[in-house]
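Working notes, structure below.
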Amino acid sequence: MTDFSISDDLLQAENAARKPALDEDYAALLRALGRRGIDGDALTRRVMAFGVAIPTWGVGTGGTRFARFPGPGEPRHLFDKLEDCATIHYLVRATPTISPHFPWDATSDYAALREVAAKRGLAFDAVNSNTFQDQPNQEHSYKFGSLSHVKPAVRAQAIAHNIDCIAIGRQLGSEALTVWIGDGSNFAGQSNMTLALDRYLDSMREIYAALPADWRVFLEHKLYEPAFYSSVISDWGTSFAAAQELGPKAQCLVDLGHHAPNVNIEQIVARLVRFGKLGGFHFNDSKYGDDDLDTGSVEPFRLFLVFNELIDARMRGAEGFAPAYMLDQSHNVTDPIESLMQSAIELQRAHAQALIVDRSALAAAQAANDALGAHLELKRAYTTDVSPILAMARLRAGGAIAPIETYRASGYRRHKAKERPPVARTSAGIV
Ligand code: RM4
Ligand code: MN
Ligand code: MN
């Protein structure tokens with residue numbers, strides 16, 4: 001059976017039907033922005049230049065600790081995942097890279113994998129290691145930790161896995177390793193919190209030493225889960241201190257869902273920028289914890305405020321500022337392709353809105369202690385509907401004016417359901 005893909009003909013027909021309305025809305029928006037001294041066409045070009053990596057684990061249906069409800073036509077293996085990632089990029093033109101997770105994405109020939117991806121217009125972003133699960137035939141268990149485990153043999157195994165990930169990443173053309181560990185404790189007294197961090201740092205030093213010259217390692221913090229009393233890399237302060245001790249190639253990764261409720265994430269971003277330690281993001285949204293909900297679906301204003309800090313940093317020419325943008329979501333009740341497309345669009349939206357903040361008016365209001373005036377400068381940008389610019393950016397880049405509608409019209413999922421018969425998989429968990 002030949003693999004179905006969305007045809008250029010369908011894309012063009014869908015776009016043609018929507019083009020006249022888009023032209024009208026785009027012209028009106030450009031006029032409105034022009035009155036504010038903003039060059040709308042230049043903004044469209046900036047939007048076109050924005051890219052975010054798709055996590056390979058995001059294209060399958062996720063799950064909770066209780067159950068996983070697989071959808072039809074799920075990817076069965078890495079090459080199916082690539083196909084779905086390529087489909088997302090074909091329609092939104094904002095996701096040119098993928099972020100793989102090992103050993104979930106293990107395959108025998110990485111050079112071939114890189115080629116297949118390149119043929120589909122995709123390159124590889126940061127590689128993610130996994131020492132939070134045990135794999136079949138693994139010698140030592142990670143039940144009581146990995147890089148910070150009390151036993152040297154377990155730590156050595158976890159270190160070796162991370163070094164393997166670097167070797168794989170080199171073959172894929174990646175330039176960063178993301179390390180998130182589930183290490184921590186579930187009972188007060190279970191673990192010596194100081195010594196656990198020392199062991200983590202010793203392990204990370206070995207991984208750091210294996211990094212190629214042009215690589216970075218991203219340390220990802222998370223306050224709880226799977227450890228519910230203490231986590232070794234629990235917060236940005238610990239992550240920052242660890243990155244500082246390790247050296248310049250170590251930076252911090254901010255997963256939006258990995259903080260306590262109400263934590264001021266945009267301020268954390270500003271702090272990390274200030275110290276040259278902002279490595280990148282795992283974008284998602286959350287209501288309670290590490291919910292891995294779709295980006296911009298719960299708190300779009302917070303997302304905008306994060307981008308406001310990023311644009312501020314870029315415009316100031318902040319030293320060492322080159323964050324990697326990745327999504328990290330778990331799709332339990334939606335078609336993952338639709339969720340990922342919409343999430344990429346929400347990121348572009350926050351980015352575009354942050355770009356139209358009148359920074360000199362904002363600075364003037366701040367200097368005059370005009371609290372409301374400063375706030376209104378942000379609100380003016382945030383309440384501007386930049387959708388026509390986002391749609392025009394997609395169209396000019398060869399994508400879809402309306403990605404989700406076009407995707408639905410194509411019947412992609414229906415075709416994949418026939419091509420990809422369901423395979424037996426675990427009933428719970430994110431994979
Ligand atoms: C963790 C963390 C990591 C991700 C795993 C699947 O909570 O967010 O980035 O790789 O989940
Ligand atoms: Mn993450
Ligand atoms: Mn997470």
Side-chain angles (χ1 to χ4, degrees), residues 52-65 68 78 81 97-106 124-135 142 145-147 158 161-162 165 168-169 174 176-184 200 216-228 231-236 238-239 251-261 263 265 268-269 272 278-295 297-298 303 306 323-332 336 339-340 343 347 425-426 428-431:
V52 61
I54 298 280
T56 51
W57 61 101
V59 287
T61 307
T64 67
R65 287 187 291 139
R68 196 179 86 86
L78 185 54
K81 292 183 193 174
T97 50
I98 52 183
S99 189
H101 218 305
F102 296 102
W104 295 341
D105 294 327
F124 289 88
D125 207 311
V127 293
N128 300 261
S129 61
N130 177 344
T131 60
F132 50 86
Q133 288 175 328
D134 285 348
Q135 306 303 326
Y142 295 133
S146 59
L147 294 175
H161 166 66
N162 276 278
C165 286
I168 295 171
S174 169
L177 168 72
T178 299
V179 182
W180 174 74
I181 53 166
D183 295 33
Y200 167 84
R216 290 184 288 170
V217 60
F218 300 143
L219 313 184
E220 182 177 359
H221 62 272
K222 169 162 150 170
L223 78 164
Y224 74 94
E225 194 202 22
F228 288 102
S231 284
V232 175
I233 305 300
S234 50
D235 49 31
W236 78 273
T238 310
S239 172
Q251 292 187 312
C252 307
L253 184 137
V254 178
D255 182 314
L256 263 56
H258 288 191
H259 307 89
V263 160
I265 298 176
I268 292 173
V269 170
L272 291 174
L278 180 69
F281 289 90
H282 274 177
F283 288 113
N284 48 47
D285 215 335
S286 101
K287 183 81 180 155
Y288 303 105
D290 189 22
D291 307 340
D292 285 336
L293 297 172
D294 291 15
T295 301
S297 66
V298 181
L303 185 66
V306 166
Y325 298 133
M326 291 163 278
L327 290 162
D328 183 4
Q329 302 182 165
S330 176
H331 312 105
N332 301 332
S339 272
L340 288 163
S343 300
L347 287 170
R425 291 171 59 151
T426 51
I430 54 166
V431 280

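These numbers come from a predicted model, not from an experiment. Numbering of ligands and ligand atoms starts at 1, following listing order.
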(request) Would you tell me which option among Lys222, Glu220, Gln329 has the nearest heavy-atom contact to atom 9 (O) of ligand 1? (result) Glu220
(message) Between the Mn ion (ligand 3) and Asp290, which N, O or S atom of the residue is the nearest one?
(response) OD2
(request) Check step by step if side-chain hydrogen bond (donor to acceptor under 3.5 Å, both in side chains) holds for Trp57 and Asp105. (result) CA-CA 9 Å; Trp57 61 101; Asp105 294 327; over 6 Å; no
(request) Would you check if there is a donor-acceptor pair between the side chains of Gln329 and Ser343 at a distance under 3.5 Å? (result) yes
(message) How close do Asn284 and Asp292 get, counting heavy atoms only, and between which atoms?
(response) ND2-OD1, 3.2 Å
(message) Pairing donors with acceptors under 3.5 angstrom, does anything connect the side chains of Asn332 and Thr64?
(response) no
(request) Find all atoms of ligand 1 within a distance of less than 4.0 Å from any non-hydrogen atom belonging to Asp255, and give their numbers and elements. (result) 8 (O)
(request) Taking all non-hydrogen atoms of both residues into account, name the closest pair between Gln251 and Leu278 and its distance. (result) OE1-O, 3.8 Å
(request) Measure from the Mn ion (ligand 2) to every N/O/S atom of Asp255 and report the name of the nearest one. (result) OD2
(message) Looking at every heavy atom in both Pro336 and Thr61, which two are closest together, and how far apart are they?
(response) CG-N, 4.0 Å
(message) Are any of the N/O atoms on Asp328, whether in the backbone or the side chain, positioned under 3.5 angstrom from an N/O atom of ligand 1?
(response) yes
(message) Looking only at N, O or S atoms in Glu220, which is nearest to the Mn ion (ligand 2)?
(response) OE2
(message) Below 3.5 Å, N or O to N or O, backbone or side chain included: is there any such pair between Asn128 and ligand 1?
(response) no
(message) So is His258 touching ligand 1 or not, going by heavy atoms under 4.0 Å?
(response) yes
(message) Check the orientation of Phe283 and Tyr325. Use parallel for under 30°, tilted for 30 to 60°, and perpendicular for over 60°.
(response) tilted
(request) Decide yes or no for His259 and Val254: does some side-chain heavy atom of the first lie under 4.5 Å from some side-chain heavy atom of the second? (result) yes
(message) So if I count the atoms of ligand 1 from 1 in the order they appear, which ones are less than 4.0 Å from some heavy atom of His282?
(response) 9 (O)
(message) What is the name of the N/O/S atom of Asp328 that is nearest to the Mn ion (ligand 2)?
(response) OD2
(request) Of the side chain and backbone of Thr178, name the one, both, or neither that has a heavy atom under 4.0 Å from an atom of ligand 1. (result) neither
(message) Tell me the closest heavy-atom pair linking Pro100 and Thr56, and the distance in Å.
(response) CA-OG1, 3.6 Å
(request) Would you mind naming the N, O or S atom of His282 nearest to the Mn ion (ligand 2)? (result) ND1
(message) At less than 2.8 Å, would any N/O/S atom of His258, backbone or side chain, sit next to the Mn ion (ligand 3)?
(response) yes
